[in-house]
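In what follows, a single structure is set out as structure tokens and then discussed.
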Amino acid sequence: LNVIYQDKAYALTFRSTEDPDRTLTFFEPTSASGLAPIKARSEHLLSLLDQVDNYAALARQYPAMVERIERVDLGTVSEHAGVTTVIESVFRFKTDDALVFKLRVENRTAKPIVYSPAHLAVQVGAKSFPVALTDASGEVPAGQSAAITLAIVGNPDGTRANLSVKNRFLITLPTLE
């Protein structure tokens, strides 16, 4: 198989085995950590969100594909002014320095909560990480809940953050009033 990657041609040879892998990942290490700097493109971030949404099926059908994804089910709950935010799961993609969060926001108030998906943020200690991509409607109807999936990538300055899924996270949900 011939592959063109970043204007270079590679000739690959494959062979059958009893326990085959079904994935191959190319990346160019350029830093002291051996990992490439962050260059997040929206189509690539969409593929990360798709992998998270389909994680269970991928784990069953293509276990080698999910080996590079670290996953933790948290169930972390925070409450503020009648709104409960539950961080259900966090997925880490090491080579991308990306974390993808599966959230549930519950509105216990009598009126809808309107927010800007582009202005969501993840806090780790005193540091705030703006979202790189969200899958969210921007509204949680009164007395109901809504699912949100969001991704953060590296530090805001473009360097690697190397965050762990074991950090204590807080989601900032700025409302529009």
Side-chain angles (χ1 to χ4, degrees), residues 1 3-8 10 12 14 19-76 78 85-105 116-137 146-173:
L1 173 68
V3 176
I4 307 264
Y5 175 71
Q6 294 189 351
D7 298 323
K8 294 178 185 174
Y10 299 88
L12 304 175
F14 297 93
D19 187 25
D21 283 334
R22 295 183 178 131
T23 62
L24 176 65
T25 304
F26 290 96
F27 65 94
E28 292 186 35
T30 58
S31 68
S33 70
L35 297 170
I38 305 308
K39 296 178 190 171
R41 296 185 325 269
S42 59
E43 63 271 9
H44 182 66
L45 292 174
L46 278 171
S47 79
L48 298 183
L49 267 59
D50 286 342
Q51 290 175 56
V52 165
D53 287 341
N54 298 298
Y55 183 85
L58 289 172
R60 278 191 314 274
Q61 296 176 2
Y62 306 102
M65 188 172 194
V66 297
E67 284 179 1
R68 66 183 187 86
I69 304 171
E70 185 180 355
R71 175 188 177 180
V72 172
D73 293 324
L74 292 178
T76 305
S78 60
T85 304
V86 181
I87 303 174
E88 295 177 336
S89 302
V90 181
F91 300 79
R92 181 169 188 254
F93 296 83
K94 182 178 180 178
T95 56
D96 302 293
D97 195 31
L99 293 179
V100 177
F101 294 80
K102 298 286 285 181
L103 313 172
R104 186 178 70 253
V105 177
S116 171
H119 292 102
L120 293 168
V122 176
Q123 282 190 260
V124 179
K127 199 166 192 178
S128 183
F129 297 86
V131 297
L133 187 67
T134 60
D135 182 6
S137 68
I148 299 174
T149 305
L150 64 86
I152 61 172
V153 180
N155 284 310
D157 65 2
T159 59
R160 295 187 68 84
N162 294 314
L163 293 173
S164 168
V165 293
K166 297 175 184 172
N167 282 324
R168 179 168 266 157
F169 301 103
L170 178 66
I171 306 300
T172 305
L173 184 83

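Note: hydrogens, waters and symmetry copies are ignored here, and every other heavy atom, side chains too, is used.
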Heavy-atom side-chain proximity of [X] to [Y] below 4.5 angstrom:
X	Y	result
F101	I152	yes
R68	D96	yes
S78	I171	no

Fill in the blank from the handout: Applying salt bridge (charged side-chain N to carboxylate O under 4.0 Å, His left out) to D50 and not counting sequence neighbours gives none
Handout entry: R92 (side chain) donor-acceptor with S164 (main chain) under 3.5 angstrom
Key = no
Handout entry: Donor-acceptor under 3.5 Å (D73 side chain, S89 main chain)
Key = no
About how many Å separate [atom2] of [Y] and [atom1] of [X], when rounded to the nearest 0.5 Å?
X	Y	atom1	atom2	result
Q51	F91	CD	CZ	10.5 Å
F169	I87	CZ	CD1	7.5 Å
L103	T85	CG	OG1	7.5 Å
K102	E88	NZ	CD	8.0 Å

Mind listing the closest non-hydrogen atom pair of [X] and [Y] along with its distance?
X	Y	value
V153	A98	CG2-CB, 4.0 Å
V100	A151	CG2-CB, 4.0 Å
A161	D97	N-OD2, 2.5 Å

Exercise for the section: Let me know which of I148, L49, V52 forms a side chain to side chain contact (heavy atoms under 4.5 Å, CB included) with D135. Expected result: L49
Donor-acceptor list for residues 119-129 side chains, cut-off 3.5 Å, not counting sequence neighbours:
{"unit_1": "H119", "atom_1": "ND1", "unit_2": "S116", "atom_2": "OG", "d": "2.7"}
{"unit_1": "Q123", "atom_1": "OE1", "unit_2": "T172", "atom_2": "OG1", "d": "3.3"}
{"unit_1": "K127", "atom_1": "NZ", "unit_2": "N155", "atom_2": "OD1", "d": "2.9"}

